[in-house]
Amino acid sequence: ERWSNILLEACKQCNRNDLVELTPIEHIDTLYQYQGACNLVAYEKEDQHHLNEYLQDQPESITICIGPEGGFEDFEIAQLKEHHFVPCSLGNRILRAETAACYILSAIEYQSHNKEKK
């Protein structure tokens, strides 16, 4: 309830028309239930495909998995790939989980803002 109130107030403050959805921590086997049009996993070992490559197409919905502190294990990435999640980089630095979430939301906002200008 506390996090829902924080999200609601944050969305109101920034004049957001849709509510950011925060779901409880899920077991990796159930993440496929949350898939959108674009399904990514932030992975610190991915060095070829950056998040922005996937955002350029302006997908209608995005699901991005952010791992725990210490990152995902290789077998977890393999599981996510089996469920059609694509690994992507968030850049050269390894971010904390809460920082990664802010970075991702900022990147999405930047891409959607650029689309509106065109």
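In this structure, the side chains of N39 and H84 stay at 4.5 Å or more apart for every pair of heavy atoms. Looking at heavy atoms from C-beta onward, K81 lies in side-chain contact with P87 at the 4.5 angstrom threshold. For the pair Q79/L31, no side-chain contact is recorded, criterion being any heavy-atom separation below 4.5 Å from C-beta on.
Applying side chain to side chain contact (heavy atoms under 4.5 Å, CB included) to L40 and the options I64, L80, I104 leaves one that passes, I64. With Q111 as the partner, the side chain to side chain contact (heavy atoms under 4.5 Å, CB included) test is satisfied by one option alone out of L55, D57, L51, I62: L55.
Residues that satisfy the side chain to side chain donor-acceptor pair (under 3.5 Å) test with Y54, not counting sequence neighbours, are absent from this structure. With sequence neighbours excluded, the residues that form a ring pair (Phe, Tyr, Trp, His ring centres under 6.0 Å) with Y32 are H83.
With hydrophobic clusters built from ILVMFWY side chains whose heavy atoms lie under 4.5 angstrom apart, I66 shares a cluster with L95.
Atom NE2 of H50 and atom OG of S89 lie 5.0 Å apart (nearest 0.5 Å). Here CD1 of I28 is found 7.5 Å from SG of C65. Values are rounded to the nearest 0.5 Å. Once rounded to the nearest 0.5 Å, the distance linking CD of Q35 with CZ of F85 reads 4.5 Å. Taking CD of E53 as the start and CD of Q48 as the end, the distance is 9.0 Å to the nearest 0.5 Å.
Counting heavy atoms of neighbouring residues, nucleotides and ligands inside a 6.0 Å radius, atom CD of E69 exceeds 12 of them. Within a 6.0 Å radius of CG in N92, no more than 12 heavy atoms belonging to other residues, nucleotides or ligands are found.
At distances below 3.5 Å, at least one donor-acceptor pair connects side-chain atoms of T63 with backbone N or O atoms of G36.
Closest approach of E60 and A37 over heavy atoms only: N-CB, 4.2 Å. The two residues Y43 and F72 make their nearest non-hydrogen contact at CE1-O, 4.2 Å.
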Which atom pairs, one a donor and one an acceptor, fall under 3.5 Å between side chains of residues 4-14 and the rest of the protein, sequence neighbours left out?
| from | atom 1 | to | atom 2 | distance (Å) |
| --- | --- | --- | --- | --- |
| N5 | ND2 | E1 | O | 3.4 |

